[in-house]
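We name chains A, B, ... by the order of the sequence lines, and we start the count at 1 in each one. It should be emphasised that the depicted structure is a prediction, and the values quoted were computed from it without experimental measurement.
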Amino acid sequence: MNKHVKTITPETSDLSRRSFLVGTAATGLVLGYAGVPGIGEALAAAPANFEPSVWYAISPDGLVTVTCGKADMGQHIASTMAQIVCEELGAKWSDMRVNLASNDPKFNDPVLGAQITGGSWSTMMNFDAMSRAGAAGRMALTEGAATAMGVPASELVVRDSVVSHAKSKKQMSFADVVKSGKATKTFTPDELKAIKLKTPDQYTMIGVSVPQLDIPSKTNGTAKYGIDVMIPGMVYGAVVTPPVRYGTTVKSVDESDAKKVPGFIKAVTLDDKTQTTTGWVVAVANTYANAKKAAAALKVSYDGGPNAKLSSESLLDEAKRLQGLDDSGQFFVKDGDVGAALGTAAKVLEAEYTTSINIHAPMEPMNATAEFKGDILHIYSGNQFATRSGAIAAGAAGIDPKFVVMHQMWLGGGFGRRLDADMMVPAVQAAKAVGKPVKVIYTRENDMTMDFSRPLTYQKVKAGIDGDGKLIALSHDVVSAWPTQRWGIPDFLSPSVDKKGPLDAFTVNGSDFFYTVPNHNVRAIKNEMAHNATPSGQLRSVAPGWTFWAVESMIDEIAAAAGKDPAQYRISLLDGAGKNDGGAQRLRNTLLAAMGLAGYGTKKLPKGEGMGVACVSSQERATASWTACVAHVAVAPSGEVTVKKLTVATDVGTQVHPDNIRAQVEGAALWGLSLALYEKATLKDGGIEQTNFDGYTPLRMSQMPEVAVAVIANGEKATGVGEPAVTVVAPAIGNAIFNASGARVRALPITAEAVKGAMKA
Amino acid sequence: MPTLTINGRSMSVDAANDTPLLWAIREQLQMTGTKFGCGAGLCGACTVHVNGEAVRSCQTMVGDVAGKKITTIEGLSAKGDHPLQKAWIAEQVPQCGYCQSGQIMQAASLLAKNANPTKEEVVAHMDGNLCRCMTYSRIQKAIMRAATEMRTASAAGNERRPT
Ligand code: FES
Ligand code: FES
């Protein structure tokens, strides 16, 4: 897919503008702007401001506006970036403001070299750059103030946006220094790198739950999301999406009834060379209500294409077939000799785990507004991957990506859905066809049936234990669509250990856990049929959402077979041997914290109730956050499961904003619960059957259990918190169900029928 | 052209009678605080008040509300300082924030009638409002906080106004 998207070439950009930037990756995905007429204007900032770094500007009134290159979808990352800058800069929190970045490459992630938000990476990867940017600003302001006041810079103290000199009792506010024009110091990358940053004991902002800067605007209706964009002369597009998720073509469009709708302008059949969409038609009208009426009145006939007969069952059957083949897939982990070890094992266990198709369904349906102005295509949309999405928009317009300006908006939920750019294609092609700016808004039905969903997955795990119950071998096959391979960006793929070509690690991450298992295989197997029929995406936490479902359920099964307490069994596997040193101990401690907080093993529970544990190291092994959960459930004889309490402990290293961490962990844990019990999508005749919140049913308030969160901040580097708790909950619940009722469930979502069916008579 | 009374002002909208109120508010009147989430009465993102009752504006047609008093999030308070809005900030409720206009409008209709709701009453009243970021526990806390503040304020008001 996307083979028509222009390859984006790295380009050295204007170094004078980025001299404050540390470690801006020269590799990766950089959109170039040099020499494009009009682009400077489109991206320009107010000239009178003091801009010590691309990341922020201080205006003459003393307000510090931080530009956030990350998509803010509710994780308050913009506010967090401001907080990190504020710490080193020495500004007053009430002077801080935030701004969302365009796709100008100067705002690229300093580590990733692109604009992409996901993986719970943002705080971890931007902490250093933002700290240095803040410190550089403080130093420049201090020197400026020293010159203006005629005192030595070394005697100045910066606090609460004021530079003061104790001896002479002189002081200047940031506003005064900026107005004086004396803050002129610049830094080379080496100088920036040499700045001595504060040590944690000197922090006054990091670790404080300051009021999030975006929250007031989200209580009074003023926060602007993509759907709220209004452009003069704009018209609206409603999409007619085909009954089959992918692979259809439009045979004919009959507009005769649509023409009777007042305000109808045109029906545009998409010609999507980026292959992001297939068989879509946009009805354009003067209002969205009329566009929707016109869309409903269009009679479109389709060629259903190669996937029109497929169902969830066919995808699962295909997965099982592929898993059964010896030469399927590529190895992600290959430690020791699994085959031999299984041969010597005292006991071999085998289990199959599945997860259903899941839909992101952020509350703000997908939307985008496109406007051609001169040579420049302007896109207004909340998006998590401006670098790639801009290229898709360009591909849809048939222009070079450097002519696309992406205007970031607040995201009404992301969860990985807004890494994709499908919503831009109809907006761009409709705008081109009618010669006016067009805002396309998906109906919830479009949004659900055309999601880049979490793929249906099938996993087979085989484990061998020795006579003492010790786990000596584990073989783990993961069969799924490959969400990240779909992007067509080689950098996001990983080499396989058996050198059979790159694999999509975003399908197997998590399976390379921190348990010590001497003989361990993980095979990543691409389900081509599912890949084509249900183009998949990254859903909050991606692979660990299914790999830990299998691993953490299986560990429980193994512990049961060995006659050991499942929590103690995990602790013995987390011995920190070899490559697991460090990580394993942190995970063990986190598990112990969750057990302590939940009172695991300390109380006798009533009949039909039980506790289950799970611990995870999502996301990638290299970017792990240590998270453990104890689930307390009650299981009725009917198989009905009530989750009474979730206790989640997470080791975040360093807390930038304790209250936000709690909010994220709690939201993530409830997402985990929602995926474990309430969310299921199915494919039939090539199409997603669920179309709205009646068929696809995320957790509501009445289904919310008590959630207790323990945050461990042990001074290690800050880790991500938006995702890990999603992945730990389902296995903890499954294990609790087993503990409560003896029923082992292996399919997500867990249903009462499955629980009842698995109960011993 | 139907005339609507929104947030105390009377405005005429260029929309057919069978246009959902949601789109008239958002597009014709360019008040975008009221959100579109499902278009089917299933999520509550579009909640506004009609004569003080919380209704789903995606399911309410412009023709049905002529002459009635409509309030949107923009009109809930003059300065964004309704006790619920203050409580929402105090409890730091919003994540993405997209559902929150609807949540606040839904909650406001509860507190207007019941100044001392139980947790069960809050859940029953709010269950139709989805929050995909799952901010439910903070929503509950904020409603309780606002209810307390409103009761305290009205008790203080009563003391100052002896009969
Ligand atoms: S948009 Fe009206 S209830 Fe969802
Ligand atoms: S805050 Fe995001 S949907 Fe509620």
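- Proximity of the aromatic rings of A:Trp410 and A:Tyr225 is defined here by a centroid distance below 6.0 angstrom, and this criterion is not met.
- B:Leu130 touches chain A through backbone and side chain together, each having a heavy atom under 4.5 Å away.
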Mind listing the side-chain donor-acceptor pairs of residues 36-56 of chain B below 3.5 Å, one per line with the distance, residues two or more places apart or on another chain?
{"residue": "B:Thr47", "atom": "OG1", "partner": "B:Gly44", "partner atom": "O", "Å": "2.6"}
{"residue": "B:Thr47", "atom": "OG1", "partner": "B:Arg56", "partner atom": "NH1", "Å": "2.7"}
{"residue": "B:His49", "atom": "NE2", "partner": "B:Met105", "partner atom": "O", "Å": "2.6"}
{"residue": "B:Asn51", "atom": "OD1", "partner": "B:Lys69", "partner atom": "N", "Å": "2.8"}
{"residue": "B:Arg56", "atom": "NH1", "partner": "B:Gln106", "partner atom": "OE1", "Å": "2.9"}
{"residue": "B:Arg56", "atom": "NH2", "partner": "B:Asn129", "partner atom": "OD1", "Å": "3.4"}

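- When each of A:Arg454, A:Glu723, A:His360, A:Gln384 is checked for a side-chain contact (heavy atoms from CB on, under 4.5 Å) with A:Phe415, only A:His360 meets the rule.
- The heavy-atom pair separating A:Pro437 from A:Pro232 by the smallest distance is CG-O, 3.9 Å.
- Listed here is the closest heavy atom pair of A:Gln212 and B:Gln92: N-OE1, 2.9 Å.
- Here A:Tyr696 pairs with nothing under the ring pair (Phe, Tyr, Trp, His ring centres under 6.0 Å) rule; sequence neighbours left out.
- Interface residue A:Pro362: only backbone heavy atoms are found under 4.5 Å from chain B.
- Neither the backbone nor the side chain of B:Thr34 comes within contact range of chain A; no heavy atoms are under 4.5 Å apart.
- Considering only heavy atoms from C-beta on, A:Ser453 stays 4.5 Å or farther from A:Asn358 through its side chain.
- Heavy atoms closer than 4.5 Å to chain B are found in both the backbone and the side chain of A:Ala663.
- With respect to the salt-bridge test (charged N to carboxylate O, under 4.0 angstrom), the residues B:Glu91 and A:Arg662 do not qualify.
- Under 4.0 Å is where a charged nitrogen must lie from a carboxylate oxygen, and between A:Lys439 and A:Asp228 no such pair does.
- Applying the side-chain hydrogen bond (donor to acceptor under 3.5 Å, both in side chains) rule to pairs touching residues 9-20 of chain B yields A:Lys293-B:Asp18, sequence neighbours excluded.
- For A:Thr222, no part sits under 4.5 Å from any heavy atom of chain B, backbone or side chain.
- Within residues 145-152 of chain B, no residue has a heavy atom under 4.5 Å from a heavy atom of chain A.
- Between chain A and the residues B:Lys86, B:Glu27, B:Lys35, B:Gln100, the largest count of heavy-atom pairs under 4.5 Å involves B:Glu27.
- Neither the backbone nor the side chain of A:Ala668 comes within contact range of chain B; no heavy atom of the residue lies under 4.5 Å from a heavy atom of that chain.
- If you measure heavy-atom distances from A:Asp72 to chain B, you find no contacts under 4.5 Å at all.
- Salt bridge status for A:Arg417 with A:Glu364: absent, with no side-chain N to carboxylate O gap under 4.0 Å.
- When A:Glu706, A:Gln75, A:Gln664 are compared by the number of non-hydrogen pairs under 4.5 Å with chain B, A:Gln664 comes out ahead.
- Here A:Met230 is the residue among A:Met448, A:Met230, A:Met73 with the most heavy-atom pairs under 4.5 Å with chain B.
- Counting heavy-atom pairs under 4.5 Å between each of A:Gly667, A:Ser217, A:Ser702, A:Ala289 and chain B puts A:Ser702 at the top.
- Contacts of A:Met704 with chain B are made by side-chain atoms alone, with heavy-atom separations under 4.5 Å and no backbone atom involved.
- With a 4.5 angstrom heavy-atom cutoff, B:Gln28 touches chain A only via side-chain atoms.
- The candidate from B:Met31, B:Met134, B:Gln140, B:Glu120 with the greatest count of non-hydrogen atom pairs under 4.5 Å with chain A is B:Met134.
- For chain B, the nearby parts of A:Leu670 are the backbone and the side chain; heavy atoms of each come within less than 4.5 Å.
- Annotation: cation-pi pair B:Arg132/A:Trp671 present, NZ/CZ under 6.0 Å from the ring centroid and within 45° of its normal.
- A pairwise comparison of heavy atoms in B:Ile73 and A:Thr219 identifies CD1-O, 3.5 Å as the closest pair.
- For A:Ser209, no part sits under 4.5 Å from any heavy atom of chain B, backbone or side chain.
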